[in-house]
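Worksheet: the structure to be examined is printed underneath.
Numbering of residues begins at 1 and proceeds along the displayed sequence. Just so it is clear, the model here is predicted, and its values are computed rather than measured.
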Amino acid sequence: HSGRMCSLKEICSGLPLDPLPLNPGRDPNVPHAPMRTPNLTAEEERVTGAKNALRYFPPSHHATLAPEFAQELRQYGHIYMYRFCPKLYPIDQYPCRTRQAASIMLMIMNNLDPAVAQFPQELVTYGGNGQVFSNWAQFCLVMHYLSEMTEEQTLVMYSGHPVGLFPSLPSSPRAIITNGMVIPNYSSRNQYEKMFALGVSMYGQMTAGSYCYIGPQGIVHGTLLTLLNAGRRYLGSDDLRGRVFVTSGLGGMSGAQAKAAVIAGCIGVIAEVDEAPLRKRFEQGWLMEVTSSLEHCIKRIRETKSSKTPLSVGYHGNIVDLWGPPVDLGSDQTSLHNPYNGGYYPVQLSFCQANQLMSTDSNRFPNHGQESLRRHIKAINKLSDAGMFFWDYGNAFLLEAQESAEVEKAGGGATEFRYPSYVQHIMGDIFSLGFGPFRWVCTSGDPKDLATTDDIAATILEEIGANVTDHIRQQYNDNIRWIREAGKHKMVVGSQARILYSDQKGRVCIALAINQAIADGRVSAPVVISRDHHDVSGTDSPFRETSNVYDGSAFCADMAVQNFVGDAFRGATWVALHNGGGVGWGEVINGGFGLLLDGSVEASKRARLVLNWDVSNGVARRCWSGNSKAYETIQHTMEENGQLRVTMPFPVQDECVLDRALQG
């Protein structure tokens, strides 16, 4: 990844102004975000867009910077400030006054690492438009603030913009992040494009804008669990050998699908229109074969189906053309939360034609997308009628398709379609039991520390799993298998990190045990614990995380907002709250946290408080909505913790009472 060669001290010293660095422009050797089309008026472009960007610089530099910022805005639809893009590299010694600030720096650098980030020069970590910051000036200022921060200051972040350091308590978070907090009535896709172009708001996806992304292993694990539980639900078996799973997308998060299919033991066939991510996954070893021949694809499916050999094939072409061979399980991971800016490529256009049309005639492009979705759904319906089980992977596929295709469910509610989301049928029960994507990062960067923490986590799950119900034990066993085999599957990209799905008790016990290992010197340096926003309590998303909430509150966002606030005052090192993530801008509110374990008694206290709240909040909400598994889970949690008191729902035992009342 090209850029200014900088020492870490230089990166942390603020904006380089004397002299200004040379402007190398965009690096042709790395992938880049698609051109954006915000449709600004001439006045917005001149007065607001360029003027807003110049606010970061003294007037003496405006004559130099204004023309290039204006050119970036016209050419790319956003001002990224490429001139200030530094060369990023793995680093060990952060020039900080506090370990907490150093841990945030490490996580930011990991999100922007070229080995991790999807479009590093545009500060996009994953999902096509999941920004860490809006421009490189913000990055420089944030690193400077973090290097000078004390334990009595908090960094305040407004959609990528560092407002500044404000006085706070040692127990307060060191950073409070909000991304895309827009008045609800103005949270439309078109308004977003305009606000992002003006540099006043930002789409942080989930863990991009909260500095908690750990590379694609998080989604590998989630996809593995989804496939295993889909096999149990739809095929009645734990054994997926010889079963065919067809899906699309090998870019950011979707790149994990091939790896997960092979770990699950099935035959994964993944379509991808862009050759760059296809080659990247193949060279990483995450994809076993690549072909642009549909005939060869079908031949390999038949061969491995009869021999029951695990296989992952990347098909260089459009998913709409691939829905033909016999399929057992099907899904889709195109970025349909961003359908008209590179997230979905219509089957009737080549990759180059689509990119050209997006930038030259953005008003015509959506018509092609909708026509492609009609063909897409028609092909899925045909295979579904022949016995394939299809689910929406929470990427806004069915939400977007409903505008152009028949996907409604007869008699269904507002969040229900002909096909279920993976939360409704596969993963929702797991959230109700308190299981979700818990993760940690070893700040030493030492693989030995990761191996030690892996062993700690697996041992704890084995101990807890001996005294639980069969249903919960199955979840523990899936995760024990994952942890024990994680080293073999070479999951680490970027930081030395691990993810597993655990319930509340498991998360707390693992965090406390890792903290003790740091205190004892068995782990050589502090560890950051975190999670995906896609979790029990972190996300209100009616077409994904809360799609199996049926009491009418699926479109309410109290849970996610309360979670962000609750994590902040219980001891998280940093917290984030986002509009958008997964299914797209305006469709979801979600949040996350990071917490530094440094071996201290204080860190144990914080971890216990944060992790208990971070799970119980969502289980309590799911219980109140009428979910029986959540009812049992929160009831059991209250029995174990005398300070927890949750309002429990009474069921309506006689439906006739309602019928008579409503008739009257």
To the nearest 0.5 angstrom, please state how far the [atom1] atom of [X] sits from the [atom2] atom of [Y].
X	Y	atom1	atom2	value
L611	R570	CG	CZ	11.5 Å
M202	Q205	CE	CD	11.0 Å
Q643	M638	CD	CE	14.0 Å
L577	H533	CG	NE2	9.0 Å
S201	F196	OG	CZ	9.5 Å
L595	R531	CG	CZ	11.5 Å

Could you pull out the closest heavy-atom pair between [X] and [Y], with the gap in Å?
X	Y	result
A256	I219	CB-CG2, 3.0 Å
A457	L500	CB-CD2, 3.9 Å
N548	S432	ND2-OG, 4.4 Å
I319	S248	CB-CB, 3.6 Å
G584	Y203	CA-OH, 3.4 Å
I270	G249	CG2-O, 3.3 Å

Does atom [atom1] of [X] have more than 12 heavy-atom neighbours from other groups under 6.0 Å away?
X	atom1	result
Y158	OH	no
R473	CZ	yes
Y186	OH	no
L658	CG	yes

Before you tell me yes or no, could you show the steps for F397 and Y393 under ring pair (Phe, Tyr, Trp, His ring centres under 6.0 Å), namely the whole-Å CA-CA distance, both residues' side-chain angles and the distance that decides it to 0.1 Å?
CA-CA 8 Å; F397 177 69; Y393 219 128; over 10 Å; no
Test side-chain contact (heavy atoms from CB on, under 4.5 Å) applied to F245 and D328, step by step
CA-CA 6 Å; F245 171 53; D328 298 292; over 6 Å; no
Quick one: are [X] and [Y] in side-chain contact, heavy atoms under 4.5 Å?
X	Y	result
M388	L329	no
I214	I499	yes
R439	I529	no
V646	Y631	no
M648	C623	yes
R232	L228	yes
V163	M157	no

Sidechain N-carboxylate O distance under 4.0 Å for [X], [Y]:
X	Y	value
D535	R507	yes
E400	R189	yes
D540	R621	yes
R544	E587	no
D392	R418	no
R36	E193	yes

Working for salt bridge (charged side-chain N to carboxylate O under 4.0 Å, His left out), residues D567 and R606:
CA-CA 9 Å; D567 285 344; R606 289 176 180 235; over 6 Å; no
Between [X] and [Y], does any side-chain donor sit less than 3.5 Å from a side-chain acceptor?
X	Y	answer
D503	Y476	yes
Y419	N381	yes
T247	Q257	yes
N341	N129	no
S553	D551	yes
N190	S188	no

Please assess R174 against S168 for the test side-chain hydrogen bond (donor to acceptor under 3.5 Å, both in side chains), listing each intermediate value before the final yes or no.
CA-CA 9 Å; R174 297 282 70 83; S168 61; 3.2 Å; yes
Assess the residue pair H534 and F431 against the criterion (ring pair (Phe, Tyr, Trp, His ring centres under 6.0 Å)); give the C-alpha distance rounded to whole Å, side-chain angles, the decisive distance to 0.1 Å, and a yes or no.
CA-CA 10 Å; H534 165 68; F431 285 165; 5.2 Å; yes
Step by step, work out the side-chain hydrogen bond (donor to acceptor under 3.5 Å, both in side chains) result for N179 and N579.
CA-CA 6 Å; N179 284 310; N579 169 12; over 6 Å; no
Please work out which of the three classes, parallel, tilted or perpendicular, describes the rings of [Y] and [X], given edges at 30° and 60°.
X	Y	answer
F389	Y234	parallel
F543	F417	tilted
Y501	H221	perpendicular

Identify the residue among L461, I460, N479 that makes a side-chain contact (heavy atoms from CB on, under 4.5 Å) with S502.
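When side-chain contact (heavy atoms from CB on, under 4.5 Å) is applied between S502 and each of L461, I460, N479, only L461 qualifies.
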Would you sort out whether L512 and N515 count as a side-chain contact (heavy atoms from CB on, under 4.5 Å), showing the intermediate values?
CA-CA 5 Å; L512 296 182; N515 195 54; 5.6 Å; no
Applying ring pair (Phe, Tyr, Trp, His ring centres under 6.0 Å), run through Y213 and Y126 and close with a yes or a no.
CA-CA 9 Å; Y213 192 64; Y126 73 92; 4.8 Å; yes
Does NZ or CZ of R498 fall inside the cone over W440's six-membered ring, less than 6.0 Å from its centre and within 45° of the axis?
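So R498 doesn't make the cation-pi contact.
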If you apply the rule side-chain hydrogen bond (donor to acceptor under 3.5 Å, both in side chains), what do you find for Y344 with S372, and how did you get there?
CA-CA 9 Å; Y344 183 81; S372 182; 3.1 Å; yes
When you look at S616 and Q504, which way does the side-chain hydrogen bond (donor to acceptor under 3.5 Å, both in side chains) test go after all the steps?
CA-CA 8 Å; S616 280; Q504 182 170 324; 2.7 Å; yes
Within the distance-only criterion (no hydrogens, no angle test), does the side chain of S331 pair as donor or acceptor with the backbone N or O of W391 below 3.5 angstrom?
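Side chain of S331 to backbone of W391, a donor-acceptor pair under 3.5 Å: yes, one is there.
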Side chain Q333, main chain L250, donor-acceptor under 3.5 Å
no
Stepwise, does the side-chain contact (heavy atoms from CB on, under 4.5 Å) test hold for L155 with I176?
CA-CA 6 Å; L155 175 62; I176 301 274; over 6 Å; no
